[in-house]
Amino acid sequence: MKRWVTDLKEFRSVIISKRLDFVDLVLGANSHTLSINLISVKVGLDSEKQKELRQFLRSYIPNEKQGVIQEHEYDDYEDDVSSDDELTEEEKNREHEKVLEDKYQHIPDSVFKRKFLQNIVGNFRASKGIPRDIPCALERNATLDFNLKTKLTDQMQNSPGYKRMMQVRSQLPVFESKDYILDMIKENQVVVISGETGSGKTTQVAQYILDDFILNNRGSVCHIVCTQPRRISAVSVAQRVADERGERCGESVGYQIRLDKQLPRKQGSILFCTTGILLQWLHSDPGLSHVTHVLIDEIHERNMDTDFVMTVIREVLPQRKDLKVILMSATLNAEQFADYFYKCPIITVPGKLYPVEKYYLEDIISMTGYVKMKQRKPRPRQDASYNQFSDMIVPYVLSLRHKFGEVVIDQLLQPDSEALNLELYQELIEHICENEGPGAILVFLPGWDQISNLCRMLSSSSFFSIIGVPKQASEDRDELEFENDEEAEKREIKILTGNKDRQFLILPLHSKMPTVNQSQVFDPPPPGVRKIIISTNIAETSITINDVVYIIDSGKMKVKSYDAEKNVSVLQDQWVSKANAVQRRGRAGRVQRGKCYHMYTKARERLFDDFPTPEILRTRLEELILTIKLLELGKVATILNRIMDSPNPKTVNLSLKLLETLRALDGDENLTPLGFHLAKLPLEPHIAKMIILGAIFSCVDPILSLAACLSFKEPFFMPLGQDKEVMAKKIIISKGNKSDHLVLAEAFRLWEEVKNKKEARKFCWDNFLSMATFRDLRKLKIEFAEYLHEMGFLKSKNSKDESANTNSKNFSVLKAVICAGLYPNVAIVERVQRFTLSGKLEVVVRTPEDGNVKLHRSSINESQLSFESPYLVYHSKMKSSHIFLHDATMVSSLPLILFSHKVYYDPTGKVIRVNDDIAFHCAKDLATLVQELRQEVQKVLDTLVMEPGTVDWASNDQKTKILRAAAELITSEDTTQQKTENDVKEGAKKRK
DNA sequence: GAGCACTGC
């Protein structure tokens, strides 16, 4: 990249706009050219002037960056600005860059401004396809090479433990391909390794590479990063590999996941991390310069992270010719990934599992002799799913006539034969218990409903009857000394039995149930007791239960997708993919032979997709777009088109539009200063905005509590069949605020008050809260506070610092900040109506975009009798059987007026309008005043975002005065605070 | 009139 500048002033502006994090100053031998980061400048200055220039450069670069200035003579720096065209293009670029810079001319110079400008100019340049050459940062170190080799060869020859491990390792199927794999990696920049569970690829391949480097005296120039989609696998694989090498994590093997790391040495090592961590590194090291090999595992899962990392890495490859990439996938469709990397080679390794016998619905109906009670025949629906049944399933069933009796065929021919029928599950479980050997049974069902129903059915069946509670305790229970056994029993999972010789432990497993962390699930049951685990997809990958021998696979799972036409998220049951079915089957046969019962016909399985729909096609894209912008990858559409499966352009446009509405992007897709902040925070943009406002409005701690809950998970458990009790506790914690968000913030505050005391456990137990979740959430809060501190919005890293919490006890201000973050997610309460039959009350709510929606049962507002203000802001809206708002906070008018995206006065109706659906009666004079206040507040917020700083709530400067005035008005206007004692009681009564 | 898949920074 060359450009010619002769005048010192212009030279200065060129430099200011450049990425000064990596300054590479090249002084041409003829003393006429200077090159800064590949931009050559023909200075035509004498040596004295050049010296001046260099001094200027140094003075401009922030102190901490001085170390990276490299200044060297370049003896053959030719003028290769060849054609006039290129020059013009460059000039055009320069002009455009200047436009970008001028736009923010009014902001005073600061580190933030420079970084921000650097980013948007970089984005612009990337969209022009301007490459950067990135060298590997690892330097050869002969001493280290020698030491590594000595240690390894010594271990190989002398350590009995290592030899024993080697014996085990050499039994893995991948071992036979070791040399071939190493050769292929040497010859190719990208290789796909495909193999099923048990092949050993995840634990072995990285070690083969490292050992090969070490044995060739090149250990110091090898640093392998292996990404895993889940935290648990990153840590457990690292520990396993360290074990195999006779070490602990932190030497040649380490891991890094969010909030936890055990890093290995920088050279001659393997790091296992989550894919998200690798993405974070790309922010500061876009060429992964400290890495020599990237292994991306489980790419067949098609997570957004792995898909996106593959895209970015494919862009990086031409700039990092020495970087090796190894993609690891399940066998089906490995070609798809190889094709994506320009037809790179595929190495296939076999898997190793104990055999798992497969049964399908036809076998199961036959073996159980199950006959469904004849109901009124449902009228066959003439839809796609029915057509599929009659076209594909019926012919298959008819072909089975020679094999199965008429009764079985008749069952299978009913159009709803493959519908989820829990009676059949019960029959099958009883059949297994009566006819098969010992071993745990794992049942995969799509969701809460089916799990709780099956548990209830089994509990009330005569085959299983309750005898008592198990001895093992839950993680939370463990820490609790029980005073009241009856209370304990109510929440525990029951052991069930038919007679004294046969006992059963029935365990529901769902991320929101308290069983997830229980040792009961993982440990072998007491002798004579059979475990029956009834689970969601969580047991497919995240939770591994070793003693499972029997799998019952419904073939269904809940899938969240995004309907771009209706602009709403959808959660619905779907048939699983072939890959899911294989994975579920593989959950048996880990330690011994197993059996898998698929509750669908064999013909149905042939209709399954090979893989789940890639996440990127099922989700909104705001966060991804911000990441693309932060990574300076250029135009969003261009990059998204290069992803293996490009998202729907309509989704892209809706996401871009929302980001513009949030004022995170300008009309040209450039990040705004606010967008730049939001992109750096590991949060959805709405919540990221909320925590920045929390800092500015001095109520950071409760807002961080809320942000952690919304972005990770709520600390409330949902024990089976106790939703009413949970709701009663939530309503007490809400203190009369009609806000699920304040319930979360308050629950957190209450826990933090007692967390180091003895009563913490009792507090959690009494309120259906999880200590384990709280501990994770607290780490998240600490991380958020560190980000805010680093960005300049907090004086201290401590979110509890008094100066950042002046308004933390002011619910009105909290709700206003929540409103500001969640806007434009506003719903309007129309009325509370009574159902004539049951007498139950229902809140009728609508949103401008969707029409009527419902409040979800888990919201405390679903049971409210009246609303002082008709406006509810919400975070999550999802369509299942209806469109549900899962959480909601009632807000009064002023927060909406102050923090919505625009307001205007409508003189005909004498209302101040936020949009077509939200308006407040208001005399003109008052409206003018309110609008002025809004303008002032927005101006303060804009300034604070562009020049990040903390607000001293006690000071008397202009900015603070305006914020304080706003907070005072918000508080006095919030009449909703005054009610409530009665409402609370009535609400609780209604629940009962 | 009738319920809440799962990851991750």
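Separating the CH2 atom of W575(A) from the P atom of dA5(B) is a distance of 18 Å, rounded to the nearest angstrom. In this structure, D723(A) places its CG atom 17 Å from P of dA2(B), rounding to the nearest Å. Atom CZ of R584(A) is separated from atom P of dC6(B) by 12 Å (rounded to the nearest Å). Note: CD1 (I687(A)) to P (dG8(B)) measures 17 Å, nearest angstrom. Atom CG of L683(A) and atom C1' of dG8(B) are 12 Å apart (whole Å). Rounded to an integer number of Å, the gap from CD of Q574(A) to C1' of dC6(B) is 14 Å. Going from atom CG of D776(A) over to atom C1' of dG8(B) covers 13 Å, rounded to whole Å. Atoms CG (N537(A)) and C1' (dT7(B)) sit 11 Å apart, rounded to a whole Å.
Taking the syn range as angles within 90° of 0, the glycosidic angle of dC4(B) is syn.
Not one side-chain nitrogen or oxygen of S858(A) sits closer than 4.0 Å to the OP1 or OP2 atom of dC4(B). H510(A) has no side-chain polar atom (N or O) that falls below the 4.0 Å cut-off from OP1 or OP2 of dC4(B). Phosphate contact (OP1/OP2 of dC9(B), side-chain N/O of S711(A), threshold under 4.0 Å): absent. Distances shown here put a side-chain N or O of S511(A) below 4.0 Å from the OP1 or OP2 atom of dC6(B). The phosphate of dA5(B) has neither OP1 nor OP2 within less than 4.0 Å of any side-chain N or O from R618(A). An OP1 or OP2 oxygen of dC6(B) is reached within less than 4.0 angstrom by a side-chain nitrogen or oxygen of T536(A). A close approach under 4.0 Å does not occur between any side-chain nitrogen or oxygen of T275(A) and OP1 or OP2 of dC9(B).
Geometric assessment of K556(A) against the ring of W575(A) yields a positive cation-pi assignment under the 6.0 Å and 45° thresholds. Both tests pass for R584(A) against the ring of F444(A): distance under 6.0 Å to the centre and angle within 45° of the axis. Taking the ring axis of F884(A) as reference, the NZ or CZ atom of K877(A) does not stay both within 45° of it and closer than 6.0 Å to the ring centre.
In this structure, the nucleotide among dG1(B), dG8(B), dC4(B) sitting nearest to the side chain of H882(A) is dG1(B). For I538(A), the listed nucleotide lying nearest its side chain is dC6(B); candidates were dC4(B), dC6(B), dC9(B). For S542(A), the side-chain atoms get nearest to dC6(B) when compared with the rest of dG1(B), dC6(B), dC4(B). Among the nucleotides dC9(B), dG1(B), dC4(B), the one closest to any side-chain atom of R231(A) is dC9(B).
Within the nucleic acid shown, N303(A) has no heavy atom closer than 4.0 Å to any nucleic acid atom. Using a 4.0 Å heavy-atom cutoff across all strands shown, S880(A) reaches sugar-phosphate atoms only and no base atom. As judged by a 4.0 angstrom heavy-atom cut-off over every strand, R230(A) is placed among residues touching the sugar-phosphate backbone only. Nucleic acid contact for E623(A): base, since at least one base atom lies under 4.0 Å from a heavy atom of the residue. Residue I277(A) is in sugar-phosphate contact alone, with no base atom involved, counting any heavy-atom pair closer than 4.0 Å across all strands shown. Among the atoms of the strands shown, none is found under 4.0 Å from any heavy atom of F712(A). Residue M718(A) is classed as a base contact, given a heavy-atom separation below 4.0 Å to a base.
The pair E842(A)-R834(A) fails the salt-bridge criterion, with no side-chain N (NZ, NE, NH1 or NH2) lying under 4.0 Å from an Asp/Glu carboxylate O.
Side-chain contact, D297(A) with Q228(A): a donor N or O sits under 3.5 Å from an acceptor N or O.
When each of E783(A) and H856(A) is assigned the nucleotide of DNA chain B with its nearest heavy atom, H856(A) is the one assigned upstream, toward the 5' end.
Proximity of L445(A) to Y425(A): side-chain heavy atoms (C-beta onward) are separated by under 4.5 Å at one or more points. The shortest distance between side-chain heavy atoms of M878(A) and K560(A) falls below 4.5 Å.
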